[in-house]
Amino acid sequence: MRFLNKTALVTGGLGGIGLACARQLASEGASLVLADLVADRAEAISDELRSLGATTVLFARCDVSSEADVVAACDVATNQTGRFDVLVNVAGMMIYKPIEDLTGDDWHKLLGVNLIGAALFTREAFRRMSSGGAVVNVSSIHTVQTSPLVAPYAAAKAALGSLTRSTSIEGVAKGIRANAVLPGAIDTPMLWASPNLKSGAEKLEAADVGQPENVAKAVAFLASDDATFITGASLNVDGGRLAKL
Ligand code: NAD
């Protein structure tokens with residue numbers, strides 16, 4: 001019960017990895033705020049998370065690239081639970097296009113959701129968290145190696161790694177830690193929607209595909225007091241895929 005009496009805000013909390021993070025944190029007693037573009041299935045999800053052990057479950061319909069939405073989502077945490085202890089930046093999206101077809105709007109949209117959203121939530125976390133707070137950013141192995149057609153995504157995830165380092169440095173004085181997980185291929189709709197997989201340009205062996213719960217356990221560790229001396233770190237959660245030649 002590492003998150004009893006703590007409030008965790010999970011962006012993209014209704015997606016594959018985000019909901020797995022919410023379930024893990026719920027099972028350890030957290031109060032949860034799920035911030036997502038969508039708020040469907042809210043009642044069923046709330047019931048499930050409470051039955052797992054969540055103290056409180058709140059929803060904030062939020063476009064993470066909107067500054068006003070981010071502030072409002074964080075207000076839900078601080079005003080309705082009185083706390084803000086853990087921020088998990090999970091919300092993300094992909095655009096598959098060759099570089100020569102990418103518009104300025106494509107770049108702004110992708111960076112807005114995958115990078116600036118995390119930066120805005122981090123700002124609010126810094127303003128609201130007490131010493132002992134933790135930020136975990138869900139980045140990607142695309143930070144380190146990438147494939148065709150996903151240039152803005154790879155750039156955004158690499159920059160998210162950089163934001164994690166900056167957050168960890170500026171967080172020291174506040175007692176706030178910041179770390180990143182770099183998932184490999186995780187079994188969610190986002191993975192199987194990939195045109196690179198559909199075309200066979202990118203091949204996956206069964207052993208390369210992890211489950212959202214694998215990421216959630218790493219996130220919970222980094223967010224917990226078990227990781228009090230870990231900040232500025234990037235943890236691959238990829239079943240060893242990056243280690244192979
Ligand atoms: P998913 O599509 O199931 O979940 C993404 C969630 O983000 C959805 O609930 C969606 O509604 C939400 N979202 C999208 N745009 C948003 C916005 N503007 N504001 C608020 N919420 C928004 O995908 P997933 O696989 O669970 O991915 C979660 C994160 O993990 C993403 O950041 C993704 O880049 C990262 N990731 C996924 C994989 C993978 O293989 N699935 C691998 C590496 C990294």
Side-chain angles (χ1 to χ4, degrees), residues 9-24 32-42 45 59-74 76 87-96 105-106 108-121 135-147 150-161 163-164 180-198 202 204-206 208-216 218-219 234-239 241-242:
L9 187 153
V10 182
T11 76
L14 274 73
I17 292 173
L19 187 53
C21 291
R23 288 183 177 123
Q24 181 65 40
L32 286 163
V33 179
L34 306 186
D36 204 306
L37 267 185
V38 292
D40 54 342
R41 300 174 290 137
I45 288 172
F59 295 86
R61 198 187 284 259
C62 162
D63 176 350
V64 297
S65 64
S66 153
E67 204 157 350
D69 283 7
V70 170
V71 171
C74 294
V76 170
L87 167 64
V88 189
N89 282 309
V90 191
M93 58 166 294
M94 297 188 88
I95 294 174
Y96 293 91
D105 282 349
D106 290 335
H108 283 293
K109 169 95 178 146
L110 210 297
L111 291 169
V113 176
N114 292 25
L115 172 64
I116 296 170
L120 294 172
F121 269 103
V135 177
V136 183
N137 292 323
V138 175
S139 180
S140 166
I141 57 170
H142 281 271
T143 293
V144 185
Q145 295 184 1
T146 192
S147 47
V150 295
Y153 180 80
K157 291 298 190 183
L160 186 58
L163 174 68
T164 307
V181 293
L182 279 59
I186 304 299
D187 183 10
T188 70
M190 181 186 271
L191 176 69
W192 303 116
S194 163
N196 289 345
L197 283 180
K198 287 180 184 164
E202 188 180 340
L204 285 176
E205 294 168 21
D208 291 332
V209 182
Q211 294 303 312
E213 295 71 29
N214 299 133
V215 180
V219 166
S234 294
L235 179 60
N236 297 347
V237 186
D238 69 343
R241 195 170 167 212
L242 275 187

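Numbering of ligands and ligand atoms starts at 1, following listing order.
On a distance-only criterion, Y153 and ligand 1 share at least one N/O pair closer than 3.5 Å. Checked by distance only, ligand 1 and P189 stay at 3.5 Å or farther apart across all their nitrogen or oxygen atoms. Considering backbone and side-chain N/O atoms, S140 never comes within less than 3.5 Å of an N/O atom of ligand 1. The N/O atoms of I17, backbone and side chain alike, include one that comes under 3.5 Å of an N/O atom in ligand 1. Annotation: N114 places no N or O atom under 3.5 Å from an N or O atom of ligand 1; distance criterion only. The shortest N or O to N or O distance between V38 and ligand 1 is not under 3.5 Å. Between C62 and ligand 1, an N or O atom pair is found at a separation short of 3.5 Å. In terms of polar-atom proximity, defined here as any N/O pair under 3.5 Å, I186 does make such a contact with ligand 1. Of the polar atoms of G16, at least one N or O is found under 3.5 Å from an N or O of ligand 1, judged by distance alone.
Atoms of ligand 1 found under 4.0 Å from any heavy atom of L14, numbered from 1 in the order shown, are 9 (O). Ligand-side atoms of ligand 1 in range of A185: 40 (O), range being under 4.0 angstrom from any heavy atom. Contact atoms of ligand 1 toward G15: 3 (O), 4 (O), 8 (C), 9 (O) (distance under 4.0 Å to a heavy atom of the residue).
With atom 12 (C) of ligand 1 as the reference point, the heavy atom nearest to it among D36, T11, D40 is part of D36. Across L204, L37, L19, heavy-atom proximity to atom 17 (C) of ligand 1 is greatest for L37.
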